[in-house]
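Please read all numbers here as calculations on a predicted model, not as lab measurements. Sequential numbering from 1 along the given sequence is applied to the chain's residues.
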Amino acid sequence: MESERSRRMGNACIPLRRIACFLCLFSVVLLTEGKKPAKPKCPAVCTCTKDNALCENARSIPRTVPPDVISLLFTSNSFDVISDDAFIGLPHLEYLFIENNNIKSISRHTFRGLKSLIHLSLANNNLQTLPKDIFKGLDSLTNVDLRGNSFNCDCKLKWLVEWLGHTNATVEDIYCEGPPEYKKRKINSLSPKDFDCIITEFAKSQDLPYQSLSIDTFSYMNDEYVVIAQPFTGKCIFLEWDHVEKTFRNYDNITGTSTVVCKPIVIDTQLYVIVAQLFGGSHIYKRDGFANKFIKIQDIEVLKIRKPNDIETFKIENNWYFVVADSSKAGFTTIYKWNGNGFYSHQSLHAWYRDTDVEYLEIARTPLTLRTPHLILSSSSQRPVIYQWSKATQLFTNQTDIPNMEDVYAVKHFSVKGDVYICLTRFIGDSKVMKWGGSSFQDIQRMPSRGSMVFQPLQINNYQYAILGSDYSFTQVYNWDAEKARFVKFQELNVQAPRSFTHVSINKRNFLFASSFKGNTQIYKHVIVDLSA
């Protein structure tokens, strides 16, 4: 009886428990509903309807625009910059008009997230450029209005020209306000080829803590090396490329006395180095692969070579030669020839003229003849002298000099589209660029060069440079302008008392080595910069 009563009482409590659970759930629902954020109200600077918003006299883009708007207009506002994600949270926006404002700058990701945007107008602002890929991700875009801005059609706007060429959106005609050569040109009609946006520069890469006079580069056993002549320590320092650290490191050295030139020459895979010294004589060394060191194999006759100043190596008809320019009053500029066992005196060119430089080059005497080997000797006592190779006698013969060019310290040559040019260095007066005309060199350009002892042309990839050093001012780097057929100045380098500039190419990297008689030897990396990137 008692258990039956309990059972009935338990059954009576079930509806009560259900009611209590319902009340609890209802309370939770009410609390949850109460915590839902209210829809953003229309900003004070805007007028809003269900689908549209008009904003005027705002100091910035408001962040509380209702998320369901389809059309948004900003006009007569005071802000001039629009930052990234300015319209985040407006997934349904199809029409955006930012017109008749004072907008000067827009960030690259200003319109990020506007995947439904169909029409965009930035008309009648003060925009001079637009960041690259500003329209990226706007896949629904069909109309763009950029009229009424002051676009500067430089490399920063090249991307827009490319974009106009492949976009499916309709873009109203827009015009350049600058630079002068493009003023009032229709941007829609420009081509990416109209923009020359690739520039180069020499960026400081490494300092070597010693002075130097001459620097040479050479290939040996499938590797690239650099050799530097150090006059004060009397060493030839050899450097190799560290593929891990991406820097140049010491490889070996040859110790001597007052070394001025360390000239490498590889003959049938064997490396030789001609070491020219002011004191103690000059010598030839051979690289011993088994001993892994340099061994002296020959002395250069001291009666002819008393004060060496420059060395050039060259090959004529499968024969190897080198020539030493001697700058003493009693010395002889002398050519040496390889005979299979060593280098021996082949011809003395210039006695007692104090030659400071020798340059080997090949030029043609007439347009219909082949180029033949020539040497140009520079001297402190006369004008540069040109020697021509005689195939019959296997000797160089004196042909002519370069008129009106006294006090030339050195001559270096380069070629552009088959034409041969020379750079003539003068310590006092103007240095010159001259062009071979078939029978003589003709003036092309003059450069002021007080205190210059090096005017070095060099080619890196398709870029032709000439570098004019000075003991009294910055080194001037010139780039060849193909249209003007002359050099134009484009960079300065700070090198103390430069004596040589050498191009070194390793693993598709290009470097410029600058020797210094009074400061550290410097290494610059040749950098290619795309201004449109």
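Side-chain atoms of Thr502 come within 3.5 Å of backbone N or O of Ile215 as a donor-acceptor pair. No side-chain donor-acceptor contact under 3.5 Å links Glu56 to the backbone of Ala58. Between the side chain of Thr167 and the backbone N or O of Leu164 there is no donor-acceptor pair closer than 3.5 Å. The backbone N or O of Ile174 sits less than 3.5 Å from a side-chain atom of Asn188, completing a donor-acceptor pair. In terms of modelled atom types and a separation under 3.5 Å, the side chain of Ser505 and the main chain of Phe511 share no donor-acceptor contact. Not one N or O on the side chain of Ser71 forms a donor-acceptor pair closer than 3.5 Å with the backbone of Glu94. Between the side chain of Ser516 and the backbone N or O of Gln496, at least one donor-acceptor pair lies under 3.5 Å. With hydrogens and angles disregarded, a donor-acceptor distance shorter than 3.5 Å links the side chain of Asp242 to the backbone of Val244.
A 4.5 Å side-chain heavy-atom check between Leu130 and Trp159 finds at least one atom pair inside the cut-off. Residues Met405 and Arg426 are in side-chain contact: their nearest non-hydrogen atoms beyond the backbone lie under 4.5 Å apart. A heavy-atom distance below 4.5 Å is found between the side chains of Gln464 and Pro457. In this structure, the side chains of Thr142 and Thr170 stay at 4.5 Å or more apart for every pair of heavy atoms. Looking at Leu239 and Asn250, their side chains come closer than 4.5 Å, going by heavy atoms from C-beta outward. A 4.5 Å side-chain heavy-atom check between Cys262 and Ile254 finds every atom pair outside the cut-off. Looking at heavy atoms from C-beta onward, Phe218 lies in side-chain contact with Phe238 at the 4.5 angstrom threshold. Within the 4.5 Å cutoff, no side-chain heavy atoms of Leu208 are placed close to those of Phe248.
With rounding to the nearest 0.5 Å, the separation of NZ in Lys412 from CG in Leu361 is 11.0 Å. Going from atom CD of Glu312 over to atom CG of Asp357 covers 7.0 Å, rounded to the nearest 0.5 Å. Taken to the nearest 0.5 Å, the CD atom of Gln206 stands 10.5 Å off from the NZ atom of Lys204. Gln456 CD to Ser515 OG: the interatomic distance, rounded to the nearest 0.5 Å, is 10.0 Å. With rounding to the nearest 0.5 Å, the separation of CZ in Phe79 from NZ in Lys104 is 13.5 Å.
Of the N and O atoms on the side chains of His109 and Asp85, not one donor lies less than 3.5 Å from an acceptor on the other residue. Between Asn126 and Asn102, the side chains place a donor N or O and an acceptor N or O closer than 3.5 Å (distance only, hydrogens not considered). Of the N and O atoms on the side chains of Gln230 and Ser212, not one donor lies less than 3.5 Å from an acceptor on the other residue. Under the 3.5 Å distance criterion, with hydrogens and angles disregarded, a donor-acceptor pair is assigned to the side chains of Gln476 and Glu492.
In this structure, Arg287 is positioned above the aromatic face of Phe294, its NZ or CZ under 6.0 Å from the six-membered ring centre and within 45° of the axis.
Between Asn57 and Val45 the shortest heavy-atom distance is O-CG1, 4.3 Å. Contact record, Gly178 with Asn152: C-OD1, 3.0 Å, taken as the closest heavy-atom pair. For Val144 against Ala169, the heavy-atom pair with the smallest separation is CG2-CB, 4.5 Å.
Around CG of Leu531, the count of heavy atoms belonging to other residues, nucleotides or ligands within 6.0 Å exceeds 12. Residue Arg185 places its CZ atom among more than 12 non-hydrogen atoms of other residues, nucleotides or ligands, all under 6.0 Å distant. More than 12 heavy atoms of other residues, nucleotides or ligands lie within 6.0 Å of NZ in Lys246, so this atom counts as buried by the packing criterion. No more than 12 heavy atoms of other residues, nucleotides or ligands shown are found within 6.0 angstrom of OH on Tyr95. The number of heavy-atom neighbours closer than 6.0 Å to CG of Asn462, taken from other residues, nucleotides and ligands shown, is 12 or below. More than 12 heavy atoms of other shown residues, nucleotides or ligands fall within 6.0 angstrom of atom OH in Tyr251.
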Going through the distances and angles, do Asn77 and Asn101 end up as a side chain to side chain donor-acceptor pair (under 3.5 Å)?
CA-CA 5 Å; Asn77 295 282; Asn101 299 282; 3.0 Å; yes

When you look at Phe455 and Val433, which way does the side chain to side chain contact (heavy atoms under 4.5 Å, CB included) test go after all the steps?
CA-CA 10 Å; Phe455 188 16; Val433 179; 3.9 Å; yes

Decide yes or no on side chain to side chain contact (heavy atoms under 4.5 Å, CB included) for Ile61 and Phe74, but give the supporting numbers first.
CA-CA 9 Å; Ile61 299 290; Phe74 288 91; 3.9 Å; yes

Does the side chain to side chain contact (heavy atoms under 4.5 Å, CB included) test come out yes or no for Leu114 and Leu138, once each step is laid out?
CA-CA 6 Å; Leu114 300 183; Leu138 306 183; 4.0 Å; yes

Criterion salt bridge (Lys or Arg N to Asp or Glu O under 4.0 Å) on Asp419 and Lys435, from CA distance to verdict
CA-CA 7 Å; Asp419 292 322; Lys435 179 181 178 181; 3.6 Å; yes

Could you check Asp154 against Lys156 for salt bridge (Lys or Arg N to Asp or Glu O under 4.0 Å), going step by step and ending with a plain yes or no?
CA-CA 5 Å; Asp154 59 8; Lys156 293 181 181 179; 5.7 Å; no

Pair Asp51, Asp68 - check side chain to side chain contact (heavy atoms under 4.5 Å, CB included), show working.
CA-CA 6 Å; Asp51 298 325; Asp68 295 329; 5.8 Å; no

Kindly indicate, with the supporting measurements, whether the criterion salt bridge (Lys or Arg N to Asp or Glu O under 4.0 Å) is fulfilled by Lys518 and Asp471.
CA-CA 9 Å; Lys518 295 182 179 179; Asp471 283 9; 5.5 Å; no

When you look at Phe151 and Tyr182, which way does the ring pair (Phe, Tyr, Trp, His ring centres under 6.0 Å) test go after all the steps?
CA-CA 10 Å; Phe151 287 117; Tyr182 288 150; over 10 Å; no

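Tested against Phe202 for a side-chain contact (heavy atoms from CB on, under 4.5 Å), the candidates Gln522, His526, Lys525 yield a single pass: His526.
The aromatic rings of Trp163 and Phe135 sit tilted, their planes meeting at an angle between 30° and 60°. Between Phe414 and Trp480, the ring planes are perpendicular. Angles over 60° get that label, and only those under 30° would be called parallel. Note: Tyr465 and Phe490 have parallel aromatic rings, judged against thresholds of 30 and 60 degrees for the angle between ring planes.
Using a cutoff of 4.0 Å between basic side-chain nitrogens and carboxylate oxygens, Lys115 and Asp139 are not scored as salt-bridged. Under the 4.0 Å criterion applied to side-chain N and carboxylate O atoms, Lys432 and Asp443 are assigned as salt-bridge partners.
Evaluation of the disulfide bond (SG atoms under 2.5 Å apart) test over residues 442-489, restricted to residues two or more places apart or in two chains, returns none. For residues 84-169, the pairs satisfying disulfide bond (SG atoms under 2.5 Å apart) are Cys153-Cys176, Cys155-Cys197, with sequence neighbours left out.
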